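In this text, all values refer to a predicted model and were calculated from it rather than measured experimentally. Positions are given from 1 along the sequence.
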Amino acid sequence: MESTRVDRWLWAVRLTKTRPDAAAACRGGHVRVNGHPAKPATTVSPGDEVRARVGDTTRVVEVVRVIQKRVGAADAATCYLDRTPAPPPLAAVPVARRERGAGRPTKRERRVLDRFRAGDR
């Protein structure tokens with residue numbers, strides 16, 4: 001077994017929940033193989049790079065082993081190398097919050113909040 005369909009491989013290695021989801025992602029343009037848009041029947045073989053947008057993240061994986069049947073999560077993880085870049089760090093901006101049920105802010109609290117939002121502190 002040298003190669004398989006990309007939709008079947010995405011499903012087998014558990015990057016998508018169902019095979020129809022993998023096929024829909026391919027048809028929607030969310031899957032690329034070696035930098036080219038992939039149809040569901042596009043073949044993948046060891047050494048290929050697959051980019052798939054799954055949910056809100058874009059997963060970048062390299063095919064190590066081709067499988068056609070769905071296997072356990074531990075076995076599926078050995079079929080690809082995850083090359084997804086780390087997400088950018090979130091900006092540590094403090095958010096002004098009040099206790100739930102504390103009611104409307106008083107005039108003094110509003111002034112403090114306005115100064116905080118303006119950056120005067």
Side-chain angles (χ1 to χ4, degrees):
M1 177 174 34
E2 299 283 326
S3 63
T4 188
R5 293 169 56 110
V6 69
D7 63 339
R8 190 169 190 176
W9 186 81
L10 288 172
W11 167 75
V13 297
R14 297 175 173 262
L15 290 180
T16 59
K17 286 191 173 201
T18 64
R19 187 165 170 196
D21 285 346
C26 291
R27 282 191 302 274
H30 303 297
V31 177
R32 297 176 79 79
V33 176
N34 295 327
H36 301 291
K39 293 182 179 179
T42 302
T43 58
V44 291
S45 56
D48 287 346
E49 179 190 72
V50 177
R51 289 179 175 267
R53 191 162 73 209
V54 180
D56 296 339
T57 61
T58 299
R59 300 281 306 267
V60 180
V61 296
E62 180 183 333
V63 179
V64 174
R65 189 170 50 131
V66 175
I67 59 173
Q68 294 189 8
K69 294 191 176 186
R70 196 164 169 98
V71 293
D75 291 337
T78 64
C79 295
Y80 62 87
L81 293 175
D82 196 357
R83 305 217 189 273
T84 306
L90 298 175
V93 177
V95 177
R97 294 190 185 245
R98 292 179 48 81
E99 290 293 323
R100 186 172 174 92
R104 291 179 53 168
T106 62
K107 191 170 187 176
R108 180 176 182 272
E109 291 172 335
R110 275 197 319 269
R111 286 187 191 129
V112 171
L113 283 172
D114 289 341
R115 268 185 296 187
F116 178 76
R117 288 181 184 140
D120 295 341
R121 296 180 200 178

Val61 and its side-chain contact (heavy atoms from CB on, under 4.5 Å) partner, picked from Asp48, Leu81, Val50: Val50
I need the single residue from Val63, Val44, Thr43 that forms a side-chain contact (heavy atoms from CB on, under 4.5 Å) with Thr4. Which is it? Val44
Using 0.5 Å steps for rounding, measure from the [atom1] atom of [X] to the [atom2] atom of [Y].
X: Arg110; Y: Arg104; atom1: CZ; atom2: CZ; value: 6.5 Å
X: Asn34; Y: Thr42; atom1: CG; atom2: OG1; value: 10.5 Å
X: Arg14; Y: Asp75; atom1: CZ; atom2: CG; value: 9.5 Å
X: Asp7; Y: Lys39; atom1: CG; atom2: NZ; value: 13.0 Å

Where do [X] and [Y] come nearest, in terms of heavy atoms and distance?
X: Ala76; Y: Val71; value: N-CG2, 3.6 Å
X: Val6; Y: Ala38; value: CG1-CB, 4.3 Å
X: Ser45; Y: Ser3; value: CB-CB, 4.2 Å
X: Trp9; Y: Leu15; value: CZ3-CD1, 4.4 Å

Sort and list the pairs that fulfil salt bridge (Lys or Arg N to Asp or Glu O under 4.0 Å) and have at least one residue in residues 49-59, not counting sequence neighbours. Glu49-Arg51, Arg59-Asp82
For Arg83, side-chain hydrogen bond (donor to acceptor under 3.5 Å, both in side chains) partners two or more places apart: Glu62
Counting only N and O atoms by type, is there a donor-acceptor contact under 3.5 Å from the side chain of Thr84 to the main-chain atoms of Val60? yes
Determine whether a donor-acceptor pair (N or O, by modelled atom type, separation under 3.5 Å) exists between the side chain of Trp11 and the backbone of Gln68. no
